[in-house]
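Encoded as structure tokens, the structure appears first; notes follow it.
Worth saying up front: this structure is predicted, and the values here are computed from it rather than measured. In what follows, chains carry the letters A, B, and so on, assigned in the order in which the sequence lines appear, proteins first and then strands, with residues in each chain numbered from 1. FYI, side chains are in, hydrogens and waters are out, and symmetry mates aren't considered; it's all heavy atoms of this structure.
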2 protein chains.
Amino acid sequence: MRWEELDREHCSLARTLSVVGDRWTLLVLRECFLRIRRFEEFEQRLGIARHVLADRLKKLTEAGVLEKIPYQERPRREEYRLTEKGLALYPALLALLDWGDKYMSGKEGPPLLRRHKACGHVAHAVTVCSECGEPLDARAMTAEPGPGAPAGFVVPQRPSKSAVDK
Amino acid sequence: MRWEELDREHCSLARTLSVVGDRWTLLVLRECFLRIRRFEEFEQRLGIARHVLADRLKKLTEAGVLEKIPYQERPRREEYRLTEKGLALYPALLALLDWGDKYMSGKEGPPLLRRHKACGHVAHAVTVCSECGEPLDARAMTAEPGPGAPAGFVVPQRPSKSAVDK
DNA sequence: CAGAATGGGTTCCGAAAGGGAACTTGTCAA
DNA sequence: TTGACAAGTTCCCTTTCGGAACCCATTCTG
């Protein structure tokens, strides 16, 4: 499978990755959520090659995750801002961040904390069920075909042979 | 910045991406959560080049996300299973999946649904504050330095000049 | 017993993507 | 007139990837 084919996969994760499934793209988005908006700022903070940055910003803009907004005319200059679609990636970024805080931080602890404005506490994200509100983990969920499933789609139900799940 | 330097970054997202920030890695993990465990199964389902698959499985194993478990001797064969550390990535995968369901599905709707065993409903993930339980979005959070912050670390507070946030 | 099959890789090649640095363009300020 | 800025673009060289072939220990099939 080539990379350009990913967005035609019948899988929401694959389609998501066709937009953000790249080393640099998620770091660019991290900066966006920290209110970084301009080309040179991205470049300096990330140490990314300029043409790679230009490419990623272009793709994110085309995907509707960022939009270019002029902040001055003559010479025209534009900055990149998250759209609603882009802001909606926050839970995903936060989930990755929290995993890193938990499993990849040195003994000093996480380098950056997030405070919830509404309640005032330093907080991390908890993923809960949209229906019952209980926290979710992998073992609590089963998968089944949805309306967009291709014909003949099979959800693997059990390990190949040795029946019992650890 | 080269890729091997990423895990030394003072940023939990960067460190997370040093493990899973790769096109194929997250798709391999998707398969793991669908209970796919064997080399040939990954290869067939993903259409990934074999040496790339071998490399990703090796890296995920070294990172402690997967572990190799023998399922037969003579000839010895091993399969890859998620560890607790790997299972803990589920909320991140789910968040990316939900974003894809919402923004990248065709008009047919998402191809795969997830049902919460505990409550029986088809559900998606909601990200809530660990302290007050309210749903979180990007605008509800502020960042501040944590215990692992490098000296002189500055959290960008406001857009560079044109003060007002849209 | 020979030969094919199985599972999990490794090797090789040409193509694509990335790192790094230099060059371009439009505009204003000194 | 020269310099500085911001935002790219171009070039060259190295690394990684896609695709196919090959390898190896063991077991099955004829």
Side-chain angles (χ1 to χ4, degrees), chain A residues 1-6 8-9 14 17-28 31-32 36-62 66-81 159-162, chain B residues 1-6 8-9 14 17-28 31-32 36-62 66-81 159-162:
Chain A
M1 179 169 43
R2 210 78 45 62
W3 208 229
E4 318 88 59
E5 307 164 28
L6 246 195
R8 272 161 285 169
E9 282 269 301
L17 295 180
S18 75
V19 177
V20 303
D22 164 82
R23 354 197 119 191
W24 285 117
T25 302
L26 286 164
L27 291 174
V28 167
E31 298 301 315
C32 292
I36 300 305
R37 294 172 176 167
R38 298 187 188 172
F39 194 91
E40 307 264 313
E41 287 182 296
F42 287 115
E43 193 220 341
Q44 286 160 30
R45 294 176 54 95
L46 293 172
I48 182 176
R50 295 175 74 87
H51 67 302
V52 176
L53 175 59
D55 176 74
R56 295 303 182 279
L57 290 170
K58 183 156 159 287
K59 282 181 178 154
L60 284 170
T61 305
E62 286 167 1
L66 300 179
E67 58 187 338
K68 280 176 94 157
I69 308 230
Y71 65 88
Q72 75 173 37
E73 302 289 342
R74 290 203 329 285
R76 184 183 181 83
R77 300 257 186 264
E78 297 173 301
E79 59 184 18
Y80 295 89
R81 291 193 183 212
S160 358
K161 278 184 210 161
S162 60
Chain B
M1 177 168 46
R2 212 76 47 64
W3 208 230
E4 318 87 62
E5 306 164 27
L6 202 45
R8 271 160 286 170
E9 283 267 303
L17 295 181
S18 75
V19 178
V20 302
D22 163 83
R23 355 196 118 190
W24 285 116
T25 302
L26 287 164
L27 291 174
V28 168
E31 298 301 315
C32 291
I36 300 305
R37 295 172 176 167
R38 300 187 186 170
F39 194 92
E40 307 264 312
E41 287 182 295
F42 287 114
E43 193 220 340
Q44 286 160 31
R45 293 176 54 95
L46 293 172
I48 182 176
R50 294 174 74 88
H51 65 304
V52 176
L53 175 58
D55 177 75
R56 295 304 182 278
L57 290 171
K58 182 155 160 286
K59 283 182 177 154
L60 284 170
T61 304
E62 284 166 4
L66 299 180
E67 57 186 340
K68 279 176 95 158
I69 309 231
Y71 64 89
Q72 73 173 39
E73 301 291 339
R74 291 206 326 283
R76 185 183 182 83
R77 301 261 187 260
E78 297 173 302
E79 59 185 16
Y80 295 88
R81 292 193 182 211
S160 358
K161 279 184 207 161
S162 61

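- Atom CD of A:E79 is separated from atom P of D:dA7 by 9 Å (rounded to the nearest Å).
- Distance CD (A:Q72) to P (D:dC5): 14 Å, rounded to an integer number of Å.
- Both tests hold for B:R38 against B:Y71: distance to the six-membered ring centre under 6.0 Å, angle to the ring axis within 45°.
- DNA chain C is contacted by both A:E73 and A:A49; A:A49 maps to the nucleotide lying nearer its 5′ end (nearest heavy atom per residue).
- Looking at B:Q72, its side chain does come within 3.5 Å of a backbone N or O of B:P75 through a donor-acceptor pair.
- In this structure, B:Y80 reaches the sugar-phosphate backbone alone: every heavy-atom distance under 4.0 Å involves primed, P, OP1 or OP2 atoms, never a base.
- Atom pair B:H51:NE2 and D:dT16:P shows a separation of 11 Å (rounding to whole Å applied).
- Between B:R56 and D:dC17, a side-chain N or O to OP1/OP2 separation shorter than 4.0 Å is present.
- Checking the phosphate oxygens (OP1, OP2) of D:dG8, a side-chain nitrogen or oxygen of A:K68 falls inside 4.0 Å.
- Expressed to the nearest 0.5 Å, how far OH of A:Y80 lies from NZ of A:K68 amounts to 3.5 Å.
- In terms of polar N and O atoms assigned as donor or acceptor, the side chain of B:R50 comes within less than 3.5 Å of the base of C:dG8 in a complementary pairing.
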Find every protein N or O atom lying less than 3.5 Å from an N or O atom of nucleotides 3-6 of chain C, and list the pairs.
| from | atom 1 | to | atom 2 | distance (Å) |
| --- | --- | --- | --- | --- |
| C:dT6 | O2 | B:R77 | NH2 | 3.2 |

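- In terms of phosphate contacts, A:Y71 brings no side-chain nitrogen or oxygen within less than 4.0 Å of OP1 or OP2 of D:dC5.
- Atom CG in B:L27 sits roughly 13 Å away from atom P in D:dC17 (whole-Å rounding).
- Every salt bridge (charged side-chain N to carboxylate O under 4.0 Å, His left out) that A:R45 has, sequence neighbours left out, goes to A:E31.
- Distance CG (B:D55) to C1' (C:dT10): 12 Å, rounded to an integer number of Å.
- Qualifying side chain to side chain contact (heavy atoms under 4.5 Å, CB included) partners for B:Q44, counting only residues two or more places apart in sequence or in other chains: B:E40.
- Closest to the side chain of A:V52, from the set C:dG18, C:dC28, D:dC17, is C:dG18.
- You'll find that the side chain of B:W24 is closest to D:dC17, out of D:dG19, C:dG9, D:dC17.
- Across the protein-nucleic acid pair, B:E40 atom CD and C:dT10 atom C1' stand 14 Å apart, rounded to whole Å.
- The distance between atom CG of A:L53 and atom P of D:dT9, rounded to the nearest whole Å, is 11 Å.
- Taking atom CG of B:L66 as the reference point, atom P of C:dG8 lies 14 Å away to the nearest angstrom.
- Here B:E78 lies in heavy-atom contact (under 4.0 Å) with sugar-phosphate atoms only.
- A salt bridge links A:R50 to A:E43: one of the charged nitrogens lies within less than 4.0 Å of a carboxylate oxygen.
- For A:R76 and A:E73, the salt-bridge test passes: some basic side-chain N is under 4.0 Å from an acidic carboxylate O.
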